[in-house]
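Following: one structure in structure tokens, then a few remarks.
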4 protein chains.
Amino acid sequence: MLTRTSIDIEAAEAVIADATARASAMGVPQNIAVVDDAGHLVAFRRMDGAKFFSIEIAITKAFAASGARKPTKEIGPATQPGAPGFGAQALLGGRFTTLPGGIPLVVEGAVVGAIGVSSGSTAEDQDVAEAAVEAFNRRWNAGRPARQG
Amino acid sequence: MLTRTSIDIEAAEAVIADATARASAMGVPQNIAVVDDAGHLVAFRRMDGAKFFSIEIAITKAFAASGARKPTKEIGPATQPGAPGFGAQALLGGRFTTLPGGIPLVVEGAVVGAIGVSSGSTAEDQDVAEAAVEAFNRRWNAGRPARQG
Amino acid sequence: MLTRTSIDIEAAEAVIADATARASAMGVPQNIAVVDDAGHLVAFRRMDGAKFFSIEIAITKAFAASGARKPTKEIGPATQPGAPGFGAQALLGGRFTTLPGGIPLVVEGAVVGAIGVSSGSTAEDQDVAEAAVEAFNRRWNAGRPARQG
Amino acid sequence: MLTRTSIDIEAAEAVIADATARASAMGVPQNIAVVDDAGHLVAFRRMDGAKFFSIEIAITKAFAASGARKPTKEIGPATQPGAPGFGAQALLGGRFTTLPGGIPLVVEGAVVGAIGVSSGSTAEDQDVAEAAVEAFNRRWNAGRPARQG
């Protein structure tokens with residue numbers, strides 16, 4: 001048997017609260033999703049004014065970051081024209097994205113889930129996700145940036 | 001032009017909090033979704049222990065209740081063999097369900113959204129959704145059961 | 001954080017070996033799938049002669065049994081005409097099935113995965129799945145039938 | 001009438017065993033899929049620690065290699081911007097991929113199936129697939145690299 005650690009609802013909603021605080025400070029309403037280590041949705045919030053179009057995108061960003069075990073932003077370069085991963089976005093029935101805004105949540109070297117943010121520009125989405133991950137790391141990793149081992 | 005009233009994130013999370021309180025009292029962890037009047041997800045919570053399998057089902061119940069403007073439970077009879085709606089569950093790519101647990105949220109006669117609950121038995125799911133709708137009506141409709149006009 | 005136990009590849013392939021032995025003794029080639037507690041595929045074997053048509057069905061049976069935390073066979077009655085779950089088969093993009101042949105794998109009260117079998121009659125599929133689960137329980141649960149707590 | 005030769009389960013599991021040995025030596029857990037000459041799954045193994053995200057991708061690589069009758073890596077150049085196959089990744093509902101890691105299995109000039117590997121970098125995936133195909137050729141083609149005639 002394998003033992004796995006997954007984010008729980010309390011930790012997930014703390015991530016969403018941190019992301020919301022950042023998005024509010026920026027004045028950009030956002031869709032914010034948190035999935036667990038298996039890619040399954042744990043918590044979601046659409047701030048008033050966030051695009052309905054981006055609900056599914058936020059969830060997909062979280063799914064892809066949890067699944068690839070890296071920020072969606074870092075998957076992007078390998079999928080550009082000429083790179084070996086070109087066209088990967090068409091996989092998984094459209095649940096593979098390299099749009100910035102998805103970042104894994106890591107505790108003690110293990111991916112326990114991921115956040116996905118979407119409704120602003122990709123830079124704004126990424127900014128909000130990073131702020132939430134920094135707060136998560138302060139709580140769970142003594143403030144160290146945490147990537148899987 | 002049309003003016004529409006949609007549930008906002010604050011009201012949606014109050015619905016989720018009420019549903020959570022009821023599910024906790026029953027000892028049955030649940031997936032709880034709230035969608036707006038357009039069927040789009042506003043807020044979601046997977047209580048620790050709720051089935052991953054029922055995440056999508058909770059969202060679908062809310063979608064169907066918002067879209068049909070009636071509780072999913074009440075759609076069921078019309079879709080039985082011999083009834084004119086037989087087979088409707090296959091519509092909308094599987095986003096149409098008659099499983100109990102989805103109920104519209106109504107203010108001043110207008111459907112502003114819906115709740116969907118899934119992970120327990122269908123009776124448990126329905127119970128939680130009803131408790132959350134009753135609390136919603138106390139806040140928004142002076143305690144009267146509210147159905148669209 | 002939540003801690004979860006998932007079936008590993010060694011235990012999964014032992015389940016497939018047991019199912020294969022039973023199917024061989026019956027003279028019915030089968031598709032045999034094992035998923036983990038999150039519904040994700042761990043191991044799969046198509047015995048020579050098993051129907052290609054039933055590959056996806058075997059995987060779906062395992063997915064549904066893991067997700068519903070009960071044998072697919074036991075979900076069936078609640079989805080018959082007149083019952084509250086009627087039409088549930090259309091949910092989850094077709095990944096919800098009540099066909100016999102999917103059974104959860106349980107260790108110490110927790111669903112750690114599930115087996116799905118398909119290519120014979122539903123009675124043959126169920127027979128093979130049950131034989132594999134009995135062998136699993138001898139290894140992991142001191143031979144006791146194990147259902148989630 | 002046509003006579004076709006397909007990989008059987010014994011040969012397929014030998015391919016998976018060889019791929020596993022290579023992946024273990026590299027220290028990179030992998031998802032390994034083998035499909036037959038019709039693109040249908042014959043055997044699958046998720047090594048402990050391989051990404052759930054890459055299960056479907058491994059199967060898709062095998063499907064595409066079997067279907068295109070060439071390594072997925074070699075399909076890539078023709079699908080780049082400006083090339084005639086641009087955008088092909090969007091075909092087949094996302095079951096067409098040019099990511100390295102899918103290679104046909106060929107016996108006496110005929111594609112009898114394919115292997116697909118995914119969870120590492122694309123270079124690691126390709127390395128494992130190539131090692132398994134070399135071992136397959138030693139068994140079935142007297143060690144000669146075998147491509148369809």
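Below, each value reflects all heavy atoms present in this structure, side chains not excepted, and no hydrogens, waters or symmetry copies. What you see is a predicted model, and the numbers here were worked out from it, not measured in a lab. Letters A, B, ... are given to chains in the order of the sequence lines, protein chains preceding strands, and every chain is numbered from 1.
For residues 82-91 of chain D, heavy-atom neighbours of chain C at less than 4.5 Å comprise no residues at all. Taking 4.5 Å as the heavy-atom cut-off, none of the residues of residues 113-127 of chain D approach chain C. Contact annotation for residues 5-36 of chain C against chain D (heavy-atom separation below 4.5 Å, listed by residue number): C:Asp8, C:Ile9, C:Glu13, C:Asp36. Within residues 53-62 of chain C, the residues having any heavy atom closer than 4.5 Å to a heavy atom of chain D are C:Ile55, C:Ile59, listed by residue number.
The backbone N or O of C:Leu41 sits less than 3.5 Å from a side-chain atom of D:Arg46, completing a donor-acceptor pair.
Around NZ of D:Lys73, the count of heavy atoms belonging to other residues, nucleotides or ligands within 6.0 Å does not exceed 12.
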